[in-house]
Amino acid sequence: MKATRFISSRIFSFSKENLSSVVMKIAVVSIALGISIMLISISVVVGFKNQIKDKVVGFVSPIQIQVLNQNESMEETPFQYDSTLKSRLDQPFIKSIFPVANKAGLVKTDDEIHGVVLKGVDKDYDWSYIQSNLISGNIPQYSDNERSNDVLISKIIADKMLLNVNDEVRIWFVGEDMKTRGRKFLIKGIYETGLTECDERFIYCDLNQVRRLNGWNENMVGHIEINLLDNVDVVEANNIIYYKIPTNLISYKASDLYPQIYDWLELQDMNVVIIIVLMLLVAGITIISMLLIIVLERTSTIGILKSMGANNAFIRNIFLQRSRRILLIGMLFGNLFGIGLCLIQKYTEIIKLSPESYYLSSVPIEINIWHIFILNIGTFVLWVMMMLIPTMIINNIKPSKSIRFE
């Protein structure tokens, strides 16, 4: 056994009834809490960002193409989705392309009235996201040759208008001549994504219905939704698409269409940074205090070691060697506690949230091995460097003075 290890094992003891023993136990608890809180914070924020982004992208697609104009209303300016445009969008990173058209209207029952947006889609539309959020009924089946009256509404609209699956609902529209027209639709299914901005407005319907209401031909669309292959950079893909499409069209990312949601998510990063900095400081100060108390308590021992010929580096290594072990013990317990709580929440969803405020019904958790690894390595290095601060006192301890008061 090395001399430094033997001496440090005698100085740093949890079993002895002294001040340093109590301080070491407090340091272990502080380190464990700091690590666990940082791990939980990162897991929750990453889960929040990814799940909410998936909701937005699932609803509006990563990239949309529409006419370049100053139209701020829900009445879209149509354009031709023809073979020329399709050839320009024939890119290797594009997974699928769907023609879509929106039409604003009013849902009216005997007792309620509610403004909605009909989202017209065709028979090839990717329903996978809505299917995963379908709570009753079925997904409508559309065709190119016939107009279907089947629609898919959200739970928010269904609850407000007292509607159920297989109910008929009349939606009113205002034409360019300012005359109102009513259309009767059949509710085929009810969905709930938790994305309130979309759930309270959108009703899925047949694209042919929107074309008929607007007097468009069979190639006209309001906008185009583009899905990308996995691991494709959205910003880079959007730049390529932007320069491929005609000058009268423009492409938007999902973050451009719903900036308020993405800005809110960016604020969560700042919250995590603040939490991590606070935990690093609190636990770091506790470690410094622990080591400072132990050094002061062992002043006479340091003096004896110096009188026997030990240099400052040798003595510092005695204190740092055991302190690093205490640090690793605290970090181990912190990781076990933090990851354990994350796993419990991930699989039980015991902590609930208000979907109206947070877009999710429970606290989301996403555990990333690389995040855990980087956090632990970075934290360990920083706290070890902070340990050097109290050991600087060793340089100023004089054997003649410290042994005198033994």
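This one's a predicted model, so the numbers in the text were calculated from it and none came from an experiment.
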Answer yes or no: is there a donor N or O on one side and an acceptor on the other, between the side chain of [X] and the main chain of [Y], under 3.5 Å?
X	Y	result
D82	L85	yes
E192	L134	no
W383	R324	no
D167	K188	no
H223	E76	no
S36	G338	no
S30	I26	no
D256	Y252	no
Q64	V60	yes
R211	M220	yes

How close do [X] and [Y] get, counting heavy atoms only, and between which atoms?
X	Y	value
G222	F79	O-CE2, 3.5 Å
A237	V232	CB-CG1, 4.0 Å
I135	K155	CD1-CD, 3.4 Å
L327	I287	CD1-CD1, 3.8 Å
Q345	S362	NE2-CB, 4.1 Å
F173	A104	CD2-O, 3.2 Å

Does the side chain to side chain contact (heavy atoms under 4.5 Å, CB included) test come out yes or no for I139 and I130, once each step is laid out? CA-CA 8 Å; I139 297 294; I130 297 298; 4.0 Å; yes
Does any non-hydrogen side-chain atom of [Y] lie less than 4.5 Å from one of [X]?
X	Y	value
L152	W127	yes
P62	I226	no
I190	I153	yes
I94	Q91	yes
L39	C342	no
M38	T379	yes
I52	Y262	no
F98	V121	no

Which distance, rounded to the nearest 0.5 Å, do you find between the [atom1] of [X] and the [atom2] of [Y]?
X	Y	atom1	atom2	value
I261	E266	CD1	CD	13.0 Å
K53	F48	NZ	CZ	14.0 Å
I245	I65	CD1	CD1	4.5 Å
Q80	E218	CD	CD	9.5 Å
E112	I157	CD	CD1	12.5 Å
L249	R88	CG	CZ	9.0 Å

Take N238 and S251, measure what side chain to side chain donor-acceptor pair (under 3.5 Å) needs, and give me the verdict at the end. CA-CA 7 Å; N238 184 64; S251 61; 2.9 Å; yes
Between E225 and K119, is there a side-chain N and carboxylate O pair less than 4.0 Å apart? yes
Take the angle between the ring planes of Y191 and Y204 and call it parallel below 30°, perpendicular above 60°, tilted in between. perpendicular
Is the number of heavy atoms from other residues, nucleotides or ligands under 6.0 Å of [X] [atom1] greater than 12?
X	atom1	result
Q260	CD	yes
K95	NZ	no
R325	CZ	no
I350	CD1	no

Report the C-alpha distance between N149 and E168 in whole Å, list the side-chain angles of each, state the deciding distance to 0.1 Å, and finish with yes or no for side chain to side chain donor-acceptor pair (under 3.5 Å). CA-CA 10 Å; N149 292 324; E168 290 186 340; over 6 Å; no
Aromatic centroids of Y125 and Y142 separated by under 6.0 Å: no
Step through it carefully: locate the ring centre of W264, locate the ring centre of Y359, and say whether they are under 6.0 Å apart. yes
From CA spacing to verdict: side chain to side chain contact (heavy atoms under 4.5 Å, CB included), V210, C205: CA-CA 8 Å; V210 178; C205 74; 3.8 Å; yes
Please determine whether side chain to side chain contact (heavy atoms under 4.5 Å, CB included) holds for the pair K25 and V28, giving the CA-CA distance in whole Å, both sets of side-chain angles, and the decisive distance to 0.1 Å. CA-CA 5 Å; K25 293 175 182 177; V28 170; 5.8 Å; no
For side chain to side chain contact (heavy atoms under 4.5 Å, CB included), just list the numbers for V107 and V169, CA-CA rounded to whole Å, side-chain angles, deciding distance to a tenth of an Å, and then say yes or no. CA-CA 7 Å; V107 177; V169 58; 3.5 Å; yes
Using a distance-only test with no angle check, is there a side-chain donor-acceptor pair under 3.5 angstrom linking D126 and S128? yes
Would you sort out whether N133 and T193 count as a side chain to side chain donor-acceptor pair (under 3.5 Å), showing the intermediate values? CA-CA 6 Å; N133 291 280; T193 67; 5.8 Å; no
